[in-house]
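Values reported hereafter were calculated over all heavy atoms of this structure, with side chains retained and with hydrogens, waters and symmetry mates removed.
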Amino acid sequence: ILPQWRLTLRGWTQHLTHPPTMVATDPRQLFWDDRRFAQLRLEGGSPKLNGYLALTHRRSDNDIRAIELTSNMIVVGGSWQASKRLNLFAEYAYESWKAKSEMTQFPTLDNFVPNSRVTTVGLSWSVDRRTFLSAAFTEFVTHNDNPLLLRDGNYRGRFWTANLHYRFP
């Protein structure tokens, strides 16, 4: 697009044409016969400030069992070189799921697939020639219908991560 920006589009598709024979009570296949993937990615910036945006679509099908599983994801992030010694970064990701199966009465497969979001902010600091510090905060949240009313059916986690590195003389 511009000298400092790159736009990438990639994708693939797979189709199973000769499935193996299933030896079970229900002889219908237990694996995906169609899978698709597409991603659009924009990234770039300057040496001090850069960012990225990724849009991803995945779909898996089992046609014999009438099952479809679809995931759509958006990720946006970037980093800023605030000084020679300090770098700040952030990222946000959201993933939504959709599922369909031959079961149409509640609970359906779609009630169990969780949407999720992840937010991360952090820094890397070169204190001096021998000492390095990095720290990050991450929040992870899942959300589904929780049809079984499980106590941990949806999850929210907050994590602090710190790393101190020192090079001995």
Side-chain angles (χ1 to χ4, degrees), residues 1-16 31-62 67-100 109-146 150-169:
I1 297 176
L2 296 170
Q4 299 87 4
W5 289 89
R6 177 173 60 189
L7 182 65
T8 306
L9 176 63
R10 65 187 186 117
W12 50 260
T13 184
Q14 293 178 334
H15 179 71
L16 180 64
F31 41 85
W32 306 118
D33 52 22
D34 283 305
R35 297 187 330 151
R36 291 178 287 290
F37 170 86
Q39 184 179 66
L40 178 69
R41 186 170 175 95
L42 176 65
E43 55 195 329
S46 69
K48 286 194 171 267
L49 183 65
N50 61 65
Y52 54 91
L53 168 70
L55 305 171
T56 305
H57 172 79
R58 294 178 192 269
R59 178 161 169 174
S60 300
D61 297 316
N62 179 321
I67 296 174
E68 300 171 1
L69 185 61
T70 304
S71 165
N72 290 301
M73 178 181 246
I74 181 169
V75 178
V76 61
S79 66
W80 173 43
Q81 189 73 41
S83 70
K84 286 183 178 183
R85 294 181 167 184
L86 182 64
N87 182 39
L88 305 170
F89 60 89
E91 181 177 277
Y92 176 80
Y94 180 79
E95 185 172 25
S96 68
W97 288 88
K98 194 79 176 151
K100 181 181 147 193
L109 184 59
D110 193 47
N111 297 119
F112 291 94
V113 292
N115 295 338
S116 64
R117 66 178 163 82
V118 180
T119 306
T120 302
V121 293
L123 63 87
S124 297
W125 179 31
S126 177
V127 180
D128 57 37
R129 292 181 63 192
R130 297 184 182 280
T131 311
F132 304 92
L133 174 70
S134 64
F137 172 76
T138 302
E139 181 181 59
F140 176 77
V141 179
T142 64
H143 174 57
N144 67 23
D145 295 336
N146 195 12
L150 299 173
R151 184 173 54 99
D152 295 328
N154 288 299
Y155 182 77
R156 181 181 194 145
R158 292 180 175 158
F159 313 97
W160 281 101
T161 306
N163 181 21
L164 178 63
H165 177 87
Y166 179 77
R167 281 191 238 167
F168 290 99

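Of the charged side-chain nitrogens involved, at least one lies within less than 4.0 Å of a carboxylate oxygen, so that Asp61 and Arg36 count as a salt-bridged pair. With respect to the salt-bridge test (charged N to carboxylate O, under 4.0 angstrom), the residues Asp110 and Lys100 do not qualify.
A donor-acceptor contact shorter than 3.5 Å is absent between the side chain of Asp34 and the backbone of His15. A donor-acceptor distance shorter than 3.5 angstrom exists from the side chain of Thr142 to the backbone of Tyr155, with no hydrogens or angles considered. In this structure, Arg85 contributes its side chain and Val127 its backbone to a donor-acceptor pair below 3.5 Å.
Counting only heavy atoms from C-beta outward, the side chains of Pro47 and Gln81 never approach each other to under 4.5 Å. The shortest distance between side-chain heavy atoms of Arg117 and Glu139 falls below 4.5 Å. Annotation: side chain of Val141 is not in contact with side chain of Asn154 (no heavy-atom distance under 4.5 Å). Put simply, the side chain of Thr120 reaches to within 4.5 Å of the side chain of Phe89, judged on heavy atoms. Between Phe140 and Ser116 there is a side-chain heavy-atom pair separated by less than 4.5 Å.
Nearest heavy-atom pair across Val113 and Asn144 is O-CB, 3.7 Å. Of all heavy-atom pairs between Asn62 and Phe31, the closest is ND2-O, 3.0 Å. Residue Asn146 comes nearest to Gly153 through the heavy atom pair OD1-CA, 3.5 Å, listed as atom of the first residue, atom of the second, then distance.
Note that CG of Asn50 and CH2 of Trp5 are 8.0 Å apart. Values are rounded to the nearest 0.5 Å. Atom OG of Ser79 sits about 11.5 Å away from atom NZ of Lys48, to the nearest 0.5 Å. To the nearest 0.5 Å, atom OG of residue Ser134 and atom CG of residue Leu123 are 7.5 Å apart. To the nearest 0.5 Å, the span separating CG on Leu7 from CD on Glu43 amounts to 9.5 Å. Rounding to the nearest 0.5 Å gives a distance of 4.0 Å between CZ of Arg10 and CZ of Phe37. Note: His165 NE2 to Thr131 OG1 = 9.0 Å, rounded to the nearest 0.5 Å.
Evaluation of the side-chain contact (heavy atoms from CB on, under 4.5 Å) rule for Ser60 yields Trp32, Arg35 as partners, not counting sequence neighbours. Applying the ring pair (Phe, Tyr, Trp, His ring centres under 6.0 Å) rule to Phe137 yields the partners Trp160; only residues at least two apart in sequence or on another chain are considered. Shown here are the side-chain contact (heavy atoms from CB on, under 4.5 Å) partners of Glu91, two or more places apart in sequence or in another chain: Tyr52, Val75.
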> What's the verdict on side-chain contact (heavy atoms from CB on, under 4.5 Å) for Glu95 and Val118, showing C-alpha distance, side-chain angles and the deciding distance?
Replying inline: CA-CA 9 Å; Glu95 185 172 25; Val118 180; over 6 Å; no
> Between Asn115 and Trp97, does a side-chain contact (heavy atoms from CB on, under 4.5 Å) hold up when you go through it step by step?
Replying inline: CA-CA 6 Å; Asn115 295 338; Trp97 288 88; 4.1 Å; yes
>> Between Tyr166 and Phe168, is the ring pair (Phe, Tyr, Trp, His ring centres under 6.0 Å) condition met? List the steps.
In response: CA-CA 6 Å; Tyr166 179 77; Phe168 290 99; 5.1 Å; yes
